[in-house]
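Keep in mind that this is a model prediction, so the values were computed, not measured. For ligands, and for the atoms within them, numbers begin at 1 and follow the listed sequence.
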Amino acid sequence: MHWTRTLQRCALPLSLGVAALIGKNPAALAQSDSAPSNQSAASQSSGNEWWRHAVIYEIYPRSFQDSNGDGIGDLKGITSRLDYLYDLGIDAIWLTPIYPSPGVDYGYDISNYTAIDPIYGTMADFDHLVAEAKKRNIRVIMDYVINHTSDQNPWFIESRSSRTNPKRDWYIWRDGKGETATSKGEPPNNWESWFGGSAWQWDEKTRQYYYHYFYVQQPDLNWRNPEVRKAMYGVLDFWMQHGAAGFRIDAVSRLFEDPELRNDPYLPGHNAYGDRNIEHKYTDNLPEVHDVLREVRDVVDRYPGDPVLITEADEPNITELTKMYGHGDEVQLPMDFQIADVNQLSAPRFRELFKEIESNSANGQPEYFFSNHDQRRQWDRYGDGRHNDQIAKMMAVLELATRGTPQMYYGEELGMRTTDPTRIEDVHDPIGKRGWPKEKGRDGERTPMQWTPGPNAGFTSPGVKPWLPVPPSAREYNVQTESQNPDSIYNAYKRLLSLRRTNAALRDGVQTTIDNNDPDVFAFLRRDGNSTVLVALNMSAHNRQVNFDLANFGIHDSTLHPLYSSPAQPPTISSDHVVLAPFAALVAQVQ
Ligand code: GLC
């Protein structure tokens with residue numbers, strides 16, 4: 001990949017007729033029956049809470065910045081990079097788990113919810129991070145891992161110690177089928193772990209099975225037990241009192257299982273672990289999840305500062321996603337996995353999904369993301385192998401010029417790519433070991449942040465072995481190099497983040513899809529009072545000639561003034577058409 005192939009630039013003061021486009025010889029042009037969508041401004045939420053206007057930045061602390069030369073990122077490292085984040089223009093950081101953990105699932109197996117893992121620092125380091133972030137107007141969102149603990153958590157150690165222990169019922173213990181004095185029999189039913197194998201683990205000491213949706217070392221909490229709820233709500237209090245701005249709630253749809261233990265239905269085929277595919281009908285999305293979300297909301301709402309709740313729940317459709325908002329009394333920002341996982345540059349699909357979420361019946365605020373610590377990075381996932389940098393910039397516009405709350409993943413702003421291990425011996429993530437080579441695990445999207453072209457990309461001291469290798473692409477794709485190149489992906493993000501902050505329509509405006517039925521160009525308006533911005537994304541590898549019938553939106557005799565465009569050559573905006581280069585993105589003020 002060479003920088004010369006990846007051009008992009010900022011606002012160009014063009015002033016060409018758009019009104020003249022309307023109705024003019026569109027026959028040879030792209031389909032152009034632009035019409036207002038059925039979205040109504042009233043259906044889109046509004047308000048002044050900080051999270052409506054924020055850009056959230058996910059940090060995987062192990063991989064962001066090492067301050068003590070052990071090859072693992074830490075809290076002091078994050079604090080030392082706050083100026084970078086401030087300068088980039090984000091508003092909040094979400095820290096994936098930093099609590100004491102045996103590290104089987106790299107922090108998602110928690111042995112103590114109210115402390116800091118020494119590998120990351122101390123509670124004083126955390127308090128210092130929050131205070132320094134606050135000085136820069138950056139909020140800190142914590143990860144709330146609610147479905148399961150580590151098997152090394154004292155709660156589970158007690159629970160497994162005897163059938164009569166007071167904490168026995170804090171986890172899901174069941175008898176096996178056909179158990180005898182000498183044999184453990186079969187697991188209670190066919191439920192499967194998301195990470196492979198049965199979801200039931202035999203425990204010889206008390207001769208029962210416990211349930212684990214994820215790894216064996218991650219026993220599920222029993223959310224039907226009121227003491228569990230009380231303890232877990234205490235965790236929220238603890239971090240709110242330490243200055244958290246809210247929580248990202250992990251794996252929330254998995255909280256409850258069918259009390260009758262009915263078998264899940266099988267689906268055709270097998271997964272990467274060799275198990276039969278299964279529909280998690282009785283282990284996912286049970287209605288009781290919403291009672292818990294309301295209770296969690298009640299707890300955080302007692303604190304000032306509009307604390308935010310974000311859910312990780314890969315809801316299969318808009319109806320399920322909408323339920324996460326409740327009646328405004330559950331979650332403010334359920335992550336939109338449907339949009340994240342379109343996984344192809346399909347203008348019709350994005351048009352459809354953005355319309356759906358923008359007109360959701362709960363008036364909920366959308367939350368958009370394309371990469372995270374479980375997903376292969378967007379540079380490769382949406383890249384076509386030839387125009388990846390250009391596509392990365394277009395995806396940045398899709399994420400940052402839309403109305404919802406965007407959530408970035410560290411290094412996305414550089415075009416960091418997924419760099420999988422090449423040998424099973426090098427894999428850290430246990431699912432990669434178990435599923436190799438079909439499933440290589442999640443190491444590839446968790447590699448160290450790329451700060452410089454120098455040794456270890458500036459992530460840790462030279463000569464130290466970082467916990468995951470620095471990808472070779474770090475030599476070109478790093479903060480230092482990219483900040484000197486006006487056409488870099490990094491500078492595209494910086495400009496877009498700054499535009500989003502300063503342009504009223506982009507910051508607050510209602511989003512309306514332009515229904516141009518175009519197979520390649522996804523276009524929409526952002527409107528706030530008298531200010532209108534048009535965004536157009538060419539999702540194809542061809543030049544696309546389009547017009548937008550803005551008269552349908554009550555806009556006449558207007559001109560387009562590009563605020564941002566990529567690639568560097570601004571699109572041709574003439575009296576009867578706009579020509580967008582392959583994978584071009586245009587953000588233009590309509591005047
Ligand atoms: C969530 C986390 C993932 C973790 C899993 C189990 O999906 O994002 O990283 O492995 O929960 O805790």
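Listed by number with element, the atoms of ligand 1 under 4.0 Å from a non-hydrogen atom of Gln218 are 12 (O). Each of the atoms 6 (C), 12 (O) of ligand 1 lies under 4.0 Å from some heavy atom of His148. Within ligand 1, the atoms closer than 4.0 Å to a non-hydrogen atom of Asp105 are 4 (C), 5 (C), 6 (C), 10 (O), 12 (O), numbered from 1 in the order shown. For ligand 1, the atoms lying closer than 4.0 Å to a non-hydrogen atom of Phe195 are 10 (O). In the vicinity of Arg442, heavy-atom distances shorter than 4.0 Å reach the ligand 1 atoms 3 (C), 4 (C), 9 (O), 10 (O). Within the listing of ligand 1, atoms 2 (C), 3 (C), 8 (O), 9 (O) sit less than 4.0 angstrom from a heavy atom of His373.
Closest to atom 9 (O) of ligand 1 among all protein heavy atoms lies Asp374 OD1, 2.7 Å. What sits closest to atom 7 (O) of ligand 1 on the protein, heavy atoms only, is Glu312 OE2, 2.8 Å. Protein heavy atom in closest approach to atom 2 (C) of ligand 1: Asp250 OD1, 3.1 Å.
Within the 4.0 Å heavy-atom cutoff, Arg446 counts among the residues contacting ligand 1. No heavy atom of Gln375 sits closer than 4.0 Å to any atom of ligand 1. Residue contacts with ligand 1 leave out Tyr215, since none of its heavy atoms falls under 4.0 Å from the ligand.
Each of Tyr410, Trp451, Tyr84 was evaluated against Gln65; a single residue qualifies, Trp451, per the side chain to side chain donor-acceptor pair (under 3.5 Å) test. Shown are Lys440, Arg376, Arg442; of these, the salt bridge (Lys or Arg N to Asp or Glu O under 4.0 Å) with Asp420 is made only by Arg376.
The closest side-chain heavy-atom distance from Met449 to Leu414 is below 4.5 Å.
By the neighbour-count criterion of 12 heavy atoms within 6.0 Å, atom NE2 of His327 is sparsely surrounded, having that number or fewer from other residues, nucleotides or ligands.
Under the 3.5 Å distance criterion, with hydrogens and angles disregarded, a donor-acceptor pair is assigned to the side chains of Gln241 and Tyr303. Using a 3.5 Å distance cut-off with no hydrogens or angles, the side chains of Thr460 and Trp467 do not pair a donor with an acceptor.
In this structure, Tyr113 has its ring center at least 6.0 angstrom away from the ring center of Phe238.
Considering all non-hydrogen atoms of both residues, Met324 and Val252 come closest at CE-CG1, 4.2 Å.
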